[in-house]
Each structure stands twice: as C-alpha cells, then as structure tokens.
Amino acid sequence: QVQLVESGGGLVQPGGSLRLSCEASGSIASLNNMGWFRQAPGKQREMVATITSGGTTNYADSVKGRFTISRDNAKNTVYLQMSSLKSEDTAVYYCTAKKYAGYNWGYWGQGTQVTVSS
C-alpha cells in the first residue's frame, strides 16, 4: 500500500518560488509514473507535471518553463520546483502515482496548499 505525503506549500508572493516535496511510504522504483496535480476552488483538478522512472517529463502548458518536476528514488521522493509563481498558480497541489502509464492515477497524497498573493 503506497502512501504519499506532500509538504512545502505555503504563502508566496508573485514571482517567488517554492519547492514541493512528496515522500512515499515505500520505494518509488516500482511507480513508473508520478506527478503533481492541482485544484483551485471552483475548478477541476488539472495535471501540472508528470515524470516517468526514466526521467521523461510532461508539463501543463501553463507551467512550462516555470516548474520542474524531479524524482529521487533513493529518497522515495518526488519534487516540484515552482518558480516565477503567479496568482493563477494558487491551488491545492496533490502528489500522485501509478505503476504503469496505462493505469489510472491510483495513489494520492493529502494535498498541500500553495497561495500566491501580494
């Protein structure tokens, strides 16, 4: 049973940076796909970034060039480095994982709030 715990959220000014962390209860080596989603009030949950075990990444158009997803299998942790933050980035950010690309996102963290405001 995989458990994911996010951390690193908080309040940041526009243009600032935050790094979110997602630590898994066990090895993430078997989780071929991991990612970050976010959900703002009144909006649907949307994909932010994903990464495979081989390091292939995918980003939402809205965050390309500003966000970087990475994973450290030795630490069983996935990161989301967020830079040049905008108010539109305000949302609850969720870590997610699945064993294979063809699966649904079956593992989710509890979420961490990111608020971008002056």
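These numbers come from the heavy atoms of this one structure, side chains and all, not from hydrogens, waters or symmetry mates. Keep in mind it's a predicted model, so treat the numbers as computed, not measured.
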To the nearest 0.5 Å, what is the distance between OG1 (Thr115) and CG (Leu11)? 6.0 Å
What's the spacing between Lys98 NZ and Trp108 CH2 if we round to 0.5 Å? 9.5 Å
Under a side-chain separation threshold of 4.5 Å, the hydrophobic residues clustered together with Met34 are Val2, Leu4, Val12, Leu18, Leu20, Ile28, Leu31, Trp36, Val48, Ile51, Tyr59, Val63, Phe67, Ile69, Val78, Leu80, Met82, Leu85, Tyr93, Tyr107, Val114, Val116
Kindly say whether Ala74 contributes a backbone atom to a donor-acceptor pair with the side chain of Asp72 at under 3.5 angstrom? yes
Using 4.0 Å as the upper bound for N to carboxylate O, is an ion pair formed by Asp61 and Lys64? yes
For Val5, the rest of its hydrophobic cluster, which grows through side-chain links under 4.5 angstrom: none
How does the hydrophobic cluster around Tyr103 look, that is, which other residues are in it when side-chain heavy atoms under 4.5 Å mark a link? Tyr100
Which heavy atom of Asp89 sits nearest a heavy atom of Arg66, and at what distance? OD2-NH1, 2.7 Å
I'd like to know whether Thr52 forms a side chain to side chain donor-acceptor pair (under 3.5 Å) with Asn32, so could you lay out the CA-CA distance, the side-chain angles of the two residues, the decisive distance to 0.1 Å, and finally the verdict. CA-CA 5 Å; Thr52 70; Asn32 190 50; 5.2 Å; no
Write down the atom of Glu23, the atom of Lys75, and the distance for their closest heavy-atom approach. CG-O, 4.4 Å
Between CD on residue Glu46 and CD on residue Gln39, distance to nearest 0.5 Å: 9.5 Å
Do you know which two heavy atoms are closest between Ser17 and Ser84, and how far apart they sit? OG-N, 4.3 Å
Is it true that a side-chain atom of Asn76 and a backbone atom of Ala24 form a donor plus acceptor pair closer than 3.5 Å? no
Can you give me the closest heavy-atom contact between Ala49 and Met47, atom names plus distance? N-SD, 3.3 Å
Could you check whether any side-chain heavy atom of Ser87 comes within less than 4.5 Å of a side-chain heavy atom of Pro14, counting everything from C-beta outward? no
Give me the atom names and distance for the closest heavy-atom approach of Glu6 to Tyr94. OE2-CA, 3.2 Å
Is any side-chain heavy atom of Thr90 closer than 4.5 Å to one of Gln113? yes
